[in-house]
Amino acid sequence: MKKKQYIRLTGFENLYVIPYVRGRLVFAELVARAIEEDGFEQVIVDLPFFLNKGGVWEEAVKQFPHVSSLYFRIEDGRFAAILFTPSDAVSTALSSIQILREWGNSIDLQCIDDSRVIHYPKGSLAFPDVNVGDDYSVFIQGLAEYFNCLYDQLDGEWKEVSKDQRFFNEYRAGLISDRLRGYLRGGKKTLFVCEYRLWWLASKMFINERPVPEHYFSHPWKDVKAVLVVDSPLKLWVKGALDDYPAVVYEFYNNLRKGITASFDKLAAAETILNRSFHHDRDHNVDGASLRRVIIFYQYLRNRLLSECRLTPLVLRHLYDAAYSCLGKKMANSITKNLLFYPQGKHNRKKNLSIREDSSIENDHPDDIRKLSKGLSSMSGENKLPMDTLYDGYRKPVEELQIISRLYPRLESNILTSEGEWIGITWSIKADYYQYELAAIKLRNVLAGRDQRRRIIKSSGSIRNGIHWKATINARALKEDTLYVKHKYRQKRQKRNKLDEFTPVTFIFTDDFRVHWYREIYSSNRSRRYLDLNPYTSLPNGYPPPDLVINALYSLYDMKELSGGHIVKRAVSSITLLYNKRVVDDARYDAISSRRDRFPVRCGAITDTELISFSIPEKGIAWAVKYAEHTVVVAAKPGWKPSQSLAEFSRQRNIEIAHVPLSVFQKEFIGRLKTMYFTSTAIKRRPDRDEIVGRFIE
């Protein structure tokens, strides 16, 4: 069980302080245990004074575990926000008090920050940048020692702030210290939960009783419009407001409701979710979660953390990267989704308010404030939380937005719906050709290796193709001082023609072709592509005649349209490619059309009467035989053989059909080969098409 920790000040025996970093769960843990176990009579938090009346914080906490935001429209057109999440120490204090009240325990709550903080000039409360380390080390260093390191940095950098920033920060801190001193006079045992930078400044004024320079700031209060809205947990995580692992925050809140936060540990909860991910995927036959790979994953992760002197692995920088490297993309996505899980509330749940200096009241507002939550909930682009006076410490999302867009591409639907309903023809993508190029290279290497034989010989001073350890160890066991090596050589009687990217390759992924249909893929010159991208238009002057070459034939058994048909995902049962390079558009057309006359294929297999008797998938192989120079490579299940008619068709043309079992590939890679993605013409026109499609690729 972790030790409870507070900051204490000499001469104030009834004051217990927990400074915190916004949105960080370890400080919420400390606050929850303190309120749950130590019998405080009142809790004071650094929220604006107007939240004491009106039931706003009670309404926000009532929505937990759903996260919410209180957005303000300030008179100069800016927006400010207060966030309510179970990962935040102040929100946890509010939730704990409400739970205790539900259980019949009376405890006072006071919000003592300046109500006019939402009217402070933009950037006036900015603090110097400090290096905030891994906050889990609070449980090792202790609360005081952890923050002393940060306060040393603030002491050194405070002289760099502007005169206005110094004034507004000191004004706010002085007001808080005065109000805190007043509440302590009653003698109640008091817990004060305060943002660490604000406490650093307020504590100096609290101890020295420095007067508040109020005469310098005479801003008249003006009521402001506000809306309390249930927000998107993923959006808040991207902005850094929901700790490292939203799923762990959700588990923490469940423990808080049950009153068992003393046994909760953030890292232990995260590890439980990780282990659950491994077992779930193994039960569902997802490749990548074998025991050996899991051990390698944990070793790699531990080494990464040791090299960076961290206790807590970050979701993207450490966990996703380690899982991707050791377990594969599918397992990495699965683990990340499990750690990012958090219940999603209903976005249409809003409460419109008018904020007064000493209270808040429910009210109706014009449409502009009602539309506020919709605009700020967008997941796309560079949209950030309002850089307001209260919450200016949240990071700008870069990597977080990228991973969210990959894992949850439908959240980016505004990008695709902005293109309208027009789809046009569909286009193959470069990422698919890249996978097939890698597979074709692997198949050619396997066939090249078949032409070689290996012998184990005694070394005459060279290790040739490597040491044969088994034979060498056996020799040493027999007290023979000999080194045995591998000697590879090519058999002269097995000479194979050179295989290259123009060697056709067929992949057969199933034996059952009862409900399948064929599609062809062509590559076009710039004229044909111009017409495809711009239908109902004529070619500009100087363009060559339109032309196309067919380079792939595939059979499919299922397809799924995403984002209104702008992305199409097709399940492939077989595919034949006459050209195996990752290039697209002009480069692909030019490479194919530059070959000898009979290779550029302008007659597809579907309409070729010579191939009409062949069934799926042999029609694709026969089509490849017809246009191959000397060899067609077929990747199929072990034991596959061509039918008698296909074998005769290839013999007549003196074409070799070389079979390689699919087992030379990993299951995850085969799964990727079996899935092809196509984009609409509207997306094909966009310069960021590859990045958009990449979000949907699994």
Task: Verdict with reasoning, T506 to V633, per side chain to side chain contact (heavy atoms under 4.5 Å, CB included) - done: CA-CA 6 Å; T506 296; V633 182; over 6 Å; no
Open item on the list: Working note: H630 + L499, criterion side chain to side chain contact (heavy atoms under 4.5 Å, CB included); need CA distance, chi angles, decisive distance, verdict.
Closed with: CA-CA 9 Å; H630 46 72; L499 307 180; 3.9 Å; yes
Open item on the list: Would N445 and K442 count as a side chain to side chain contact (heavy atoms under 4.5 Å, CB included) here? Give the steps.
Closed with: CA-CA 5 Å; N445 289 338; K442 173 73 172 180; 5.6 Å; no
Open item on the list: Applying side chain to side chain contact (heavy atoms under 4.5 Å, CB included) to L611 and E618, what does each step give before you reach the verdict?
Closed with: CA-CA 9 Å; L611 308 178; E618 289 197 336; over 6 Å; no
Open item on the list: The test is side chain to side chain donor-acceptor pair (under 3.5 Å); show your working for N551 and R588 and say whether it passes.
Closed with: CA-CA 9 Å; N551 66 87; R588 194 169 190 85; 3.2 Å; yes
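Nearest heavy atom pair, residue L662 against residue I670, reads O-CD1, 3.5 Å. Considering every non-hydrogen atom in both A591 and F502, the closest pair reads O-CZ, 3.5 Å. Of all the heavy atoms in W623 and C603, the pair that sits closest is NE1-O, 3.7 Å. Nearest heavy atom pair, residue L531 against residue S538, reads CD2-C, 4.5 Å. The minimum heavy-atom distance linking A241 with S87 is given by the pair O-OG, 3.2 Å. Nearest approach of V625 to S650, heavy atoms of both residues: CG1-CA, 3.8 Å.
Residues V634 and I508 form a side-chain contact, since some pair of their non-hydrogen atoms from C-beta on lies under 4.5 Å apart. Taking the side chain as every heavy atom from C-beta outward, H516 and L556 never approach each other to under 4.5 Å. Between S232 and Q344 the shortest side-chain heavy-atom distance falls below 4.5 Å. Residues V583 and Y433 fail the side-chain proximity criterion, which asks for heavy atoms closer than 4.5 Å. With a 4.5 Å cut-off on side-chain heavy atoms, K329 and E668 count as touching. You'll find the side chain of V505 stays beyond 4.5 Å of the side chain of I575, heavy atoms only. In this structure, the side chains of P246 and P233 stay at 4.5 Å or more apart for every pair of heavy atoms. Contact annotation: the side chain of T681 never approaches that of D532 to less than 4.5 Å [non-hydrogen atoms, C-beta and beyond].
Side-chain atoms of W517 and S555 form no donor-acceptor pair, as typed in the model, at a separation below 3.5 Å. No donor-acceptor contact under 3.5 angstrom links the side chains of D231 and S68, judged on distance only. Judged purely by distance below 3.5 Å, without hydrogens or angles, the side chains of N525 and Y530 never pair a donor atom with an acceptor atom. With 3.5 Å as the limit, one finds a donor-acceptor pair spanning the side chains of H318 and E308.
Rounded to the nearest 0.5 Å, atoms OG (S573) and CD1 (I616) are 6.5 Å apart. Atom NZ in K430 sits 13.0 Å away from atom CD in Q435 (nearest 0.5 Å). Rounding to the nearest 0.5 angstrom, the gap separating the OG atom in S680 from the CD1 atom in I425 is 10.5 Å. In this structure, the separation between OG on S574 and CG on L553 is 7.0 Å, given to the nearest 0.5 Å. Annotation: the span from T576 atom OG1 to I550 atom CD1 amounts to 13.0 Å, rounded to 0.5 Å. Distance OH/Y579 to OG1/T503: 12.0 Å, rounded to 0.5 Å.
Within the 6.0 Å centre-distance limit, the rings of F649 and F614 are counted as a close aromatic pair. Ring-centre distance between Y589 and Y522: not below the 6.0 Å cut-off. Not less than 6.0 angstrom separates the ring centroid of Y554 from the ring centroid of Y518. For F297 and F278, the distance between ring centers is under 6.0 angstrom.
Side-chain atoms of T675 come within 3.5 Å of backbone N or O of G671 as a donor-acceptor pair. Between the side chain of T537 and the main chain of N534, a donor-acceptor pair closer than 3.5 Å is present. Using a distance-only test at 3.5 Å, with no hydrogens or angles considered, a donor-acceptor pair links the side chain of R444 to the main chain of D500. Without hydrogens or angle criteria, R685 side chain to L533 main chain gives a donor-acceptor distance under 3.5 Å. Side chain of R304 to backbone of R317: a donor-acceptor contact under 3.5 angstrom is found. Panel note: side chain T510, backbone D512; a donor-acceptor pair is recorded below 3.5 Å. Between the side chain of S334 and the backbone N or O of K330, no donor-acceptor pair lies under 3.5 Å.
Ring geometry for Y436 against F507 counts as tilted: the plane angle lies between 30° and 60°, on a 0 to 90° scale.
Take E437 and apply the salt bridge (charged side-chain N to carboxylate O under 4.0 Å, His left out) test, not counting sequence neighbours, and it matches K581, R582.
With respect to D585 and K684, a salt bridge is recorded, a charged nitrogen being found less than 4.0 Å from a carboxylate O. Contact check on K619 versus E520 returns no salt bridge, with no Lys/Arg side-chain nitrogen under 4.0 Å from an Asp/Glu carboxylate oxygen. The existence of a salt bridge linking R24 and D88 is excluded, since no basic side-chain nitrogen approaches an acidic carboxylate oxygen closer than 4.0 Å. By the 4.0 Å N-to-carboxylate-O rule, K637 lies close enough to D511 to be salt-bridged with it. A salt bridge between D432 and R672 is present, with a side-chain N of the basic residue lying under 4.0 Å from a carboxylate O of the acidic one. A salt bridge is defined here as a Lys NZ or Arg NE, NH1 or NH2 lying under 4.0 Å from an Asp or Glu carboxylate O, and D608 with K626 meets this definition.
Cation-pi geometry between R526 and Y543 is met: under 6.0 angstrom from the ring centre, within 45 degrees of the axis.
For Y324, the OH atom is loosely surrounded, since the number of other residues' heavy atoms within 6.0 Å does not exceed 12.
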